[in-house]
Trainee: 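Dumping the structure here so I can ask a few things about it.
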Amino acid sequence: MMMDRLHDETVAEATLGLRTLNASLAEQTLRAIEGIELTVSGVVEQIPADNRRNADAFKRLEADHETHEFLKARASSLPQLEALSLIAADGTLVNFTRQFPAPPHDLSQRDYFLALKDTDPGRVYVSRPVKSVATQEWTLYIARRVNDPDGGLAGLVVGAIRLSYFEQFYRSLHVTPGSGISLWWRDGMLLARYPALPDKVGTIAISPGVAEQVANHSAGTYETPQSVDGEDRILSFLSLRNYPLVVGVSRTRGEILARWHHQAQIIAAAGLLSAVTLTLMLWAMARQFFAYETANRALQERQQAVEARNVAEEHVRQLQKMEALGQLTGGVAHDFNNLLQAVRSSLHLLEGSGEVVEAESRRALQVACQAVERGATLTQHLLAFARRQRLAPAPVDLGAQVAGMVTLLERTLGSAIRIRIDREGDVPPALVDPHQFDIALLNLAINARDAMPGGGTLTIVIASLSVGEETKGGNEGEAKEMGVSPTLAPGEYVAVTVRDSGAGMPRDVLARAFEPFFTTKPVGQGSGLGLSMVHGLTAQSGGGIRLESHLGLGTAVTLYLPHAPADSRSEAQDAATAAVPLAAPLTAASDGPPVGISHVLLVEDDALVRMANAAVLAEAGMVVTEAATGEEALALLEADGDLGILVTDFAMPGMTGADLARLARRHRPGLPVLIVTGYAEKAALQDLGREPGIRILSKPIPPTALIGHISAVL
C-alpha cells in the first residue's frame with residue numbers, strides 16, 4: 001500500500017511540475033509571438049500617408065533606402081524576428097531587411113497574401129509554417145494588410161519568425177534529465193524541439209491519441225507510450241491564446257519513477273528477508289522502518305525540488321521582464337534626449353534675447369531651464385538602468401573614493417545621521433566609472449536617509465570578495481529569504497555595502513525594488529530610478545548588486561564590482577588622462593563665442609534639434625551650414641573648402657556620426673570634429689574620441705558648452 005501511494009504521489013508531483021513549467025514556457029512563447037505582431041502593426045501605422053494613397057504609391061517604397069534602414073532597426077531589437085518585408089498589392093517584394101534593393105520575388109501565391117488580398121480581418125494573419133527559400137529554415141509568417149483611404153489593398157507588412165529561435169531558447173533552460181520541450185502547429189506538425197530532432201521538424205510528429213487531445217482541448221496532460229523520440233513519456237500541453245500553436249513539456253516515465261523503483265527494491269528486499277526466518281523479524285521490521293523513513297525523506301526532497309524549480313522559473317520571468325523594460329527605457333531616453341536638446345537650445349536663445357526683460361519672464365525661463373536639467377538627469381538614470389549609459393571605467397581605490405565623499409554625504413544626510421566607514425586592508429582597485437560610482441553611492445545614501453527620518457547610523461563597508469565555481473550565483477535559498485542576490489561569474493570583486501538602521505522593507509516592496517519608476521515615496525519626492533540606476537551600473541560594469549532588508553532592522557545594499565586588471569592599476573593616471581571627453585562643463589571657454597567667425601557644418605537628422613542648434617550657433621556669430629544625413633554632409637565638405645569644423649549627431653539613418661567623421665578626415669585631415677550622442681556606443685567611439693581634434697559630447701548639451709567646445713578645438 002505504501003509503495004502504491006508513493007508511486008501515485010511521484011507521478012502526481014511530476015505531472016504538477018510539468019504543468020507549471022509548461023504554463024511558464026507557453027507564456028514566454030506567447031510574448032515572443034506578440035512582440036512580432038506589435039512590431040508588424042507598428043510598421044503599418046508608421047508608413048507615410050503619401051505611400052498609402054494607392055498601390056502604386058506603396059510600391060514606390062522599393063527605392064527608399066530610409067525605409068530599408070527603418071525596417072532593419074525595428075527587426076534588430078527582436079532576436080526571434082528573422083526579417084521584415086513590404087509586399088505590393090500585386091504580390092511582388094517591395095522592401096526587405098536582408099537586402100537593398102529587394103530581390104525580384106513573386107509572393108502572390110503565399111497563403112498570407114491569398115488570405116489578405118481581398119479582405120481585411122482587422123488584425124494580423126498567421127501563416128502555416130513553411131521552409132524559407134533563403135535560409136532553408138522552418139519559418140512562420142505574421143502579415144498585416146495596409147489599406148488605401150478607400151479601404152482597398154495598398155500592400156502588406158510581413159514579419160518572418162525563425163522557428164529555430166525557440167529551440168535555442170528551450171536549450172538555454174536548465175531542465176531535469178529526461179525532459180523534452182516542443183512547439184507544434186495545432187494539427188500536430190512539429191516546429192521546434194529540445195532535445196533537437198531535425199528529421200522530425202515539419203512533419204506530423206505526435207501520436208494519434210495526443211493529436212485528438214490537442215484538437216479537442218486547449219490544455220491537458222497525456223501519457224504517451226510511444227513519443228516522437230520513441231520514449232514512454234508523460235506530456236503536458238497548452239495552446240497559445242489567439243494563435244494556432246501548442247507548447248508541450250514532457251518527461252520520460254523512467255526518469256520520473258527511477259527513485260520510486262529504487263525504494264521499491266529496498267522495501268521488497270526487507271519483506272523477503274523478514275519471511276526467511278522469524279529470528280530476523282526484528283531486523284526486518286527495522287529495515288522496513290528505515291525504508292519508510294527513506295521514502296518520506298524522498299517525498300520531502302521532491303517537494304524541495306519543485307520549490308527550487310518554481311524559484312528558477314520566476315527568476316527567468318523576472319530577467320526577461322527587466323530586459324524588456326531595459327530596451328523600452330533605453331529607446332525612450334534617446335528620443336527624450338533629442339527633445340531636451342531642442343528645448344535647451346531654444347531656451348538659450350530666449351534667455352539671451354533683449355526682448356525678454358521682465359523679471360517674471362526671466363524667472364519663467366529659469367524654471368524651464370531647471371526642468372531641462374532635471375530631464376537630462378532622468379535620461380541618464382534611464383540609460384543607466386537600460387545599460388546604455390556611456391561609462392569610462394578606470395582602476396579606482398573605492399576606499400579612498402568613499403572617504404572623499406564623506407563631506408558631501410554629511411551635508412546631504414544632516415547631523416541626525418552618523419556615518420561609519422569600515423574598510424578592509426589591502427583591498428585592490430575596482431574597475432568602474434568613478435563619477436557614476438559617486439552618483440550611485442549618493443543615491444543609496446539618500447535612500448538610507450529617507451528610511452531613517454528620526455536619525456540613525458549609515459555604515460559603508462569596503463571589502464574584497466572571491467567567487468569560485470562552487471559559490472557563483474549566490475545562495476538561492478538565502479536570496480529568497482532575505483532579498484535579491486546577484487548571479488556573479490567566478491572571479492575577484494570589491495564589495496561595497498551601504499547599510500542603514502531604518503525601518504526595512506516588506507517583502508512586496510523588496511520584490512519590486514529594482515523596477516524603474518517604482519517608489520514608495522510621496523508624489524514629487526522620488527522618481528523611482530535610484531536603485532534602477534545603481535543596478536544598471538553594476539551590471540554594465542561586469543558585477544552585480546545584492547539587496548537585503550528586514551522589517552525593523554534596516555536595509556543593506558551591496559555593490560559587487562570586478563577587480564581592475566593588475567597591469568592596468570599602475571596606469572590608472574594615464575588611463576584617466578586618455579579617457580574620452582564626455583562633454584565636461586566648460587567655464588572660461590563657455591563665456592562667449594569663438595574668436596573670429598567660424599564656419600560650422602552642423603549634421604543632425606532630427607529637424608527640431610538641428611534647427612535649434614543652428615540658431616544658437618548663428619547667434620554666437622558663427623556661419624552655419626546644415627545637413628540632415630552623413631551623405632549630404634560629405635558632399636558639402638567636398639564642395640566647400642571654407643567649412644572649418646564638423647558638428648555631427650551619432651545615431652543617424654544609414655551613416656553614423658563616427659563613420660562620417662572617419663570619411664571626412666580622410667578627405668580633410670585634421671578637420672576638427674564634435675560628435676554629439678545620446679547613446680552609449682562606447683565601442684564605436686572610444687578610440688575615435690582619443691584622436692586629436694575630436695571630442696565626444698553627451699546630449700542634451702548646454703548651448704554655452706557646445707559653443708565652448710567649438711572654441712576649444714579650433
Side-chain angles (χ1 to χ4, degrees), residues 377 380-381 384 394-465 482-486 493-505 509-510 513-514 519-522 525-538 541 543-564 572:
T377 302
Q380 296 302 311
H381 286 183
V396 178
D397 181 347
L398 294 184
Q401 194 79 5
V402 171
M405 287 280 291
V406 169
T407 301
L408 174 60
L409 293 177
E410 288 175 343
R411 288 201 303 266
T412 302
L413 302 182
S415 59
I417 296 177
R418 185 169 66 93
I419 299 176
R420 174 185 172 188
I421 298 178
D422 292 338
R423 178 184 180 186
E424 284 187 1
D426 300 326
V427 175
L431 189 63
V432 66
D433 184 320
H435 175 63
Q436 294 298 326
F437 174 80
D438 288 348
I439 295 175
L441 184 62
L442 187 58
N443 268 319
L444 296 178
I446 291 172
N447 284 348
R449 178 199 64 189
D450 295 342
M452 300 183 290
T457 300
L458 177 72
T459 303
I460 305 176
V461 181
I462 304 98
S464 187
L465 173 71
M482 295 190 299
V484 182
S485 293
Y493 298 86
V494 178
V496 180
T497 301
V498 179
R499 180 182 296 109
D500 64 59
S501 58
M505 303 181 192
V509 173
L510 188 63
F514 290 130
T519 179
T520 58
K521 298 177 182 178
Q525 295 186 22
S527 66
L529 284 171
L531 275 177
S532 300
M533 184 275 289
V534 179
H535 179 276
L537 170 66
T538 58
S541 300
I545 185 170
R546 173 187 173 87
L547 178 60
E548 176 186 354
S549 188
H550 299 277
L551 285 175
L553 299 178
T555 300
V557 183
T558 302
L559 314 185
Y560 298 98
L561 299 166
H563 283 189

Trainee: Are any of the side-chain heavy atoms of T459 and V461 separated by less than 4.5 Å?
Mentor: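 In contact.
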
Trainee: Would you mind reporting whether L409 and L442 have side-chain heavy atoms less than 4.5 Å apart?
Mentor: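 When only atoms from C-beta onward are counted, L409 and L442 do touch, with a gap below 4.5 Å.
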
Trainee: If you compare all heavy atoms of T457 against all heavy atoms of S501, which two are closest, and at what distance to 0.1 Å?
Mentor: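 Heavy-atom minimum between the residues: N-OG, 3.1 Å.
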
Trainee: If you draw a 6.0 Å radius around CZ in R499, do more than 12 non-hydrogen atoms from other residues or ligands fall strictly inside?
Mentor: no

Trainee: Heavy atoms, side chains only, cut-off 4.5 Å: are M405 and I460 in contact?
Mentor: no

Trainee: Looking only at heavy atoms, which two atoms of D500 and A451 are closest? And how far apart?
Mentor: OD2-CB, 4.2 Å

Trainee: For a quick test of reading the model, state the closest non-hydrogen atom pair linking A448 to L458 and the distance between them.
Mentor: CB-CD1, 3.6 Å

Trainee: Going from CD on E548 to OG1 on T558, what distance comes out if it is rounded to the nearest 0.5 angstrom?
Mentor: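 Atom-to-atom, E548:CD and T558:OG1 are 7.5 Å apart.
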
Trainee: Looking at every heavy atom in both I417 and G455, which two are closest together, and how far apart are they?
Mentor: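 Reported closest heavy-atom pair: CG1-CA, 4.1 Å.
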
Trainee: Can you name the nearest heavy-atom pair linking Y493 to G543, along with the distance?
Mentor: CE2-CA, 4.1 Å

Trainee: For the CG atom of L441 and the CD1 atom of I446, what is their distance to the nearest 0.5 Å?
Mentor: 10.0 Å

Trainee: One pair to check against side-chain contact (heavy atoms from CB on, under 4.5 Å): V432 and Q401. What are the steps and the verdict?
Mentor: CA-CA 11 Å; V432 66; Q401 194 79 5; over 6 Å; no

Trainee: Starting at CG of L431, measure out to CG of L561 and round the result to the nearest 0.5 Å.
Mentor: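 Here the interatomic distance stands at 9.0 Å.
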
Trainee: Check whether any side-chain heavy atom of V494 lies under 4.5 Å from a side-chain heavy atom of H563, and answer yes or no.
Mentor: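 When only atoms from C-beta onward are counted, H563 and V494 do touch, with a gap below 4.5 Å.
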
Trainee: Below 4.5 Å, heavy atoms only, C-beta onward: do V427 and L398 meet side chain to side chain?
Mentor: no

Trainee: Between T555 and S549, what is the shortest heavy-atom contact and its length?
Mentor: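 What the structure gives for the nearest pair is OG1-OG, 2.8 Å.
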
Trainee: Can you find a heavy atom in the side chain of L559 that is under 4.5 Å from one in the side chain of L444?
Mentor: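 Answer yes - side chains close enough.
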
